[in-house]
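The structure appears right after this line, and notes come after that.
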Amino acid sequence: MTQNQVTLETLTSLAKRRGFVFQASEIYGGLAGFWDFGPYGVELMNNIKQLWWREMVYAHRNVYGVDGAIIQNPKLWKASGHVAGFTDPMVEDTKNGKRYRADHLAGVDSTDLNELAELLKDKKSPDGNPLSAPRVFNMMMKTWVGPIESDDSVAYLRPETAGSIFTNFELVRETTRSKVPFGIAQIGKAFRNEISPRDFIFRVREFEQAEMQYFIHPDNQEEAYQYWRDWAWNFYTQAAGLSEDNLQWHEHGPTERAHYAAAAHDIYFKFPQGFKELCGTHNRTDFDLSNHMKESGKDLTYFDEATRERFTPNVIESSMGLGRFFMAVLCNAYTEEKAGDETRIVLKIKPSLAPVKVAVLPLSKKPELSALSEKVYKELVQKTGYNIEYDETQSIGRRYRRQDEIGTPYCVTIDFESLQDGQVTLRERDSMQQTRIKIEDLAASIKI
RNA sequence: GCGGGUUUAGCUCAGUUGUUUAGAGCGCCACCUUGCCAAGGUGGAGGCCGCGGGUUAGAGUCCCGCAACCCGCACCA
């Protein structure tokens, strides 16, 4: 058995062939950085979201969910630092086209193009070539609200979901009558004009995040930071079933951190292209609430009745890219093993995450078998509520392999004896073990 | 965004120095098979050869532009 030897090509090919992920607007040649989820992809993604939501929101009695708008008042992104931080002045080497941060080359912390142009006037590129004039690169996607495109109506598609959590901090606290510490969680799309989308769905321009902001007393930073780091590790290894061998910690150095973070610990996953970021636990301090107070003029401080103390809550963030997690789940599950002379491809995915839980497979297309199989199928759907598939085409072996390839944990086969004895064969994905059981015991025998 | 490579069936790929109806394996569909791990037989569907322009009597093949993907570089709040 070789596990996690999957290449990016194998993964992309499987994802398309089996209906997990398609290139967005493929018939028009696609669009760099955008992907669509197919029938099995959307099931897997929904299961992933459900798992995270359960472990994050339902498992913590002081964590609440919200679902914010993608487009917010542009002032929000000014306060969050994204208008400044996401807009980088860049210069180009005029000979070889290599691009550099103008402020880095000039050795100043400035986004003023005139100032940078002046400072870089006589500078050469690291390769000794003349530089172009500095230009602004904006990573935020722009749009216009209302039918008239003017500077007044410019808005941005959110570059991260967190923004609306901070703006709703006070409303959520009030409506849930929460005391600090408490958390607000959100799953949703975010958009960034990445310069070069890469590596399948790893680096994309439209992506989905699952993140939670935990509001705490400033004295509790260490404790909360540690708690959410441990939570993240347990989530991936226990709840999601990722192998510990495929995960490692990565602590951000001072130059790596986002503009808002005082400390950052990422978990990296062993993707086909190497160990790369899967999720992050960041200490955002009071950066966000303080800036929103400044920009909005609203008071977002918290008064602790017990200690008679007023303070600006600090924030520990737990965030993850769902597309990356999706990819990690597939990589972690992908297995090739020998079955006779053939290579069997099987996604050893956690049953709770599997896109299809059970496949009902009549051994023959004879009407009397189809009738019983349809009945078994319908009853199973009703009793379990699972996504269940019905397949009667081609040989039984082939149908098993189809289900293996999408990670279906159970197959039920119905034969002519079933008509007599009311029993069917339940086949388990990983062991390929078969057991004969009564139809009425079927639903209870399926362990997800 | 820069440099290099690639793009032909759902997938993986072959197509010679330009020439008539563009191929293979796998996959898919139908029929046969009381049939349990990609079996076999027969039949079938599926390609404007990435898109657009050009050269030519004639282009999958040569030239130009664009797009997407892959590998480096740079970028990654």
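Chain identifiers are assigned alphabetically (A, B, ...) following the order of the sequence lines, protein sequences preceding nucleic acid strands; residue numbering begins at 1 within each chain.
- RNA chain B contains the following stems of three or more consecutive Watson-Crick or G-U pairs, with both distances under 3.5 Å: B:1-7 with B:67-73, B:10-13 with B:23-26, B:28-32 with B:40-44, B:50-54 with B:62-66.
- Scored by the side chain to side chain donor-acceptor pair (under 3.5 Å) test, A:Ser352 finds no partners at all (sequence neighbours excluded).
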Tabulated below should be each protein N or O lying under 3.5 Å from an N or O of nucleotides 68-72 of chain B; please produce it.
{"residue": "B:A68", "atom": "OP1", "partner": "A:Ala32", "partner atom": "N", "Å": "3.3"}
{"residue": "B:A68", "atom": "O4'", "partner": "A:Gly29", "partner atom": "O", "Å": "3.0"}
{"residue": "B:A68", "atom": "O3'", "partner": "A:Gln23", "partner atom": "NE2", "Å": "3.1"}
{"residue": "B:A68", "atom": "O2'", "partner": "A:Gln23", "partner atom": "NE2", "Å": "2.7"}
{"residue": "B:C70", "atom": "OP1", "partner": "A:Phe200", "partner atom": "N", "Å": "3.3"}
{"residue": "B:C71", "atom": "N4", "partner": "A:Arg198", "partner atom": "NH2", "Å": "3.2"}
{"residue": "B:G72", "atom": "O6", "partner": "A:Arg198", "partner atom": "NH2", "Å": "3.0"}

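- Residues meeting the ring-ring contact (aromatic ring centres under 6.0 Å, His included) test with A:Tyr214, sequence neighbours left out: A:Trp228.
- For A:Asp415, the salt bridge (Lys or Arg N to Asp or Glu O under 4.0 Å) partners two or more places apart in sequence, or in a different chain, are A:Arg436.
- Looking at residues two or more places apart in sequence or on another chain, you find a salt bridge (Lys or Arg N to Asp or Glu O under 4.0 Å) between A:Lys16 and A:Glu26.
- With sequence neighbours excluded, the residues that form a ring-ring contact (aromatic ring centres under 6.0 Å, His included) with A:Tyr268 are A:His250.
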Can you give me every donor-acceptor pair (side chain of residues 28-38 of chain A, partner residue at least two apart or in another chain, under 3.5 Å) with its distance?
{"residue": "A:Trp35", "atom": "NE1", "partner": "A:Phe200", "partner atom": "O", "Å": "3.3"}

Can you give me every donor-acceptor pair (side chain of residues 407-414 of chain A, partner residue at least two apart or in another chain, under 3.5 Å) with its distance?
{"residue": "A:Thr408", "atom": "OG1", "partner": "A:Gln403", "partner atom": "OE1", "Å": "2.6"}
{"residue": "A:Tyr410", "atom": "OH", "partner": "A:Lys447", "partner atom": "N", "Å": "3.4"}
{"residue": "A:Tyr410", "atom": "OH", "partner": "A:Lys447", "partner atom": "O", "Å": "3.3"}

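- Taking every heavy atom of residues 430-444 of chain A and every atom of RNA chain B, pairs under 4.0 Å involve A:Met432, A:Gln434, by number.
- With sequence neighbours excluded, the residues forming a salt bridge (Lys or Arg N to Asp or Glu O under 4.0 Å) with A:Glu206 are A:Lys189, listed by chain and number.
- Judged as a side chain to side chain contact (heavy atoms under 4.5 Å, CB included), and not counting sequence neighbours, the contacts of A:Arg398 are A:Gln394, A:Ser395, A:Arg402.
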